[in-house]
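Everything on this sheet refers to the single structure shown next.
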Amino acid sequence: MKHVLLILLALLLAGPGAARAVEDDDSSDPLSRLIWDMFQMRRGKTLCLADATPLPTVRANVANQLRRMGAGAEPSRQAVAVALWTLYPCPFSPLRTELRPATADDIQGVWLFPEDSQRLRSWLRVARRPAGGAPAARCDAVGYYPNGELRHAVVGSPAPCPFHKAADLETAVQDPASSHWSLLRDGRIRITRGDPVDQVEEWDVYSVLTPFQVEDVQFKAGDLVAYARREEGNEVNAATQFHHLRRLQ
């Protein structure tokens, strides 16, 4: 069975119909086997790859992340799981040259989650939705203001999206004082919402440097890509939400 595990993992990561050779490796390697097990259980649910990626590349990325985490020479299963969820969230991994961790200047502004991108909001729900199913929301607008104020509005009705410029969100959300955002470091923000009371979230946020496409969704330079990482009951850095945001002027 030499190389069988590696070949199967390469096909699993690449998706249906993919065929790609992988470099030689030892299939008895504990880290490689744990990566295989995690992807077998979580593929397309909480772990995703947009492109074919061979096992040695995945393993090297995970090993580097474990070192950054200070996980030690023999990392626990949970540490490996955290590293995998950090690097390979759904609907696609942010480990790509088109993205970089967003700064405060990148994030400040008013943004719209384009309707065409709503299919990526929940990878698992989209994968199981019958053809022609309605998107999760008609439109979703969020404002990150320089003073830490956060405004957020979601429209789920069949009416046209009312957000066309930044001022539209200010008109729609009159009392935003209960929600705030702050930059913890480049690429990570904390959001505190007063409704529900004292709800705290942490998001990984990336700025798009050069255009790219995933599942027919176009990402343009200057857009934001964001993954909700930490919420109550989620301490393993698994992405629970995904946002694609385009700036409104």
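Here CZ of Arg190 is found 11.0 Å from CG of Leu183. Values are rounded to the nearest 0.5 Å. Here CH2 of Trp203 is found 11.5 Å from CG of Leu224. Values are rounded to the nearest 0.5 Å. Note that CG of Leu184 is 5.0 Å distant from CD of Glu202, once rounded to the nearest 0.5 Å. Summarising the geometry, atom CG belonging to Asn64 is positioned 10.5 Å from atom CZ belonging to Arg59; distances are rounded to the nearest 0.5 Å. Here OG of Ser207 is found 4.5 Å from CZ of Arg100. Values are rounded to the nearest 0.5 Å. Rounded to the nearest 0.5 angstrom, Leu87 CG and Gln65 CD are separated by 4.5 Å.
A 4.5 Å side-chain heavy-atom check between Cys161 and Leu112 finds at least one atom pair inside the cut-off. Contact of the Arg42 side chain with the Tyr88 side chain is not registered, since no non-hydrogen atoms from C-beta on lie closer than 4.5 Å. In this structure, the side chains of Gln218 and Pro211 stay at 4.5 Å or more apart for every pair of heavy atoms. Two residues are said to be in side-chain contact when any heavy atoms from C-beta on lie closer than 4.5 Å; Gln108 and Trp181 meet this criterion. With contacts defined as side-chain heavy-atom distances shorter than 4.5 Å, the pair Met69/Thr86 does not qualify. Residues Val225 and Phe92 meet the side-chain proximity criterion, which asks for heavy atoms closer than 4.5 Å. Looking only at side-chain heavy atoms (C-beta outward), Asp140 and His243 come within less than 4.5 Å of each other. By the 4.5 Å heavy-atom criterion applied to side chains, Val110 and Tyr145 are counted as neighbours.
Taking each heavy atom of His152 and Ala141 in turn, the nearest pair found is CD2-O, 3.0 Å. Of all the heavy atoms in Gly143 and Leu169, the pair that sits closest is N-CD2, 3.3 Å. Pairing each heavy atom of Asp204 with each of Tyr206, the nearest pair is CB-CE1, 4.0 Å. When every heavy atom of Pro101 is checked against every heavy atom of Gly187, the shortest pair comes out as CB-CA, 3.8 Å. In plain terms, the two heavy atoms of His164 and Leu248 that are nearest each other are O-CD2, 3.8 Å. Heavy atoms only, all atoms of each residue included: Ala79 and Pro75 are closest at CB-CB, 4.2 Å.
Residue Gln213 places its CD atom among more than 12 non-hydrogen atoms of other residues, nucleotides or ligands, all under 6.0 Å distant.
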Between Tyr144 and Val205, is a side chain to side chain contact (heavy atoms under 4.5 Å, CB included) present by the stated rule, with each step listed?
CA-CA 12 Å; Tyr144 296 108; Val205 185; 5.9 Å; no
Between Leu99 and Val208, does the side chain to side chain contact (heavy atoms under 4.5 Å, CB included) criterion hold? Intermediate values first, please.
CA-CA 5 Å; Leu99 299 175; Val208 178; 3.7 Å; yes
For Ser179 and Arg193, what are the C-alpha separation, side-chain angles and deciding distance, and is it a side chain to side chain contact (heavy atoms under 4.5 Å, CB included)?
CA-CA 4 Å; Ser179 297; Arg193 302 183 190 272; 4.1 Å; yes
Hey, mind stepping through Leu84 and Phe39 against side chain to side chain contact (heavy atoms under 4.5 Å, CB included) and telling me if it holds?
CA-CA 9 Å; Leu84 274 170; Phe39 267 100; 3.7 Å; yes
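A continuous path of Ile, Leu, Val, Met, Phe, Trp and Tyr side chains, each step under 4.5 Å between heavy atoms, connects Leu47 with Met41, placing both in one hydrophobic cluster.
Without hydrogens or angle criteria, Asp106 side chain to Thr103 main chain gives a donor-acceptor distance under 3.5 Å. Between the Asp223 side chain and the Phe219 main chain, no donor and acceptor come within less than 3.5 Å of each other. Thr192 places no side-chain N or O within donor-acceptor distance of the main-chain N or O of His180, the cut-off being under 3.5 Å. Side chain of Arg151 to main chain of Glu170: a donor-acceptor pair is present (N/O by atom type, distance under 3.5 Å, no hydrogens or angles). Using modelled atom types, no side-chain atom of Arg229 and backbone atom of Arg188 make a donor-acceptor pair closer than 3.5 Å.
A donor and an acceptor atom, one from each side chain of Asp168 and Thr171, are nowhere located under 3.5 Å apart.
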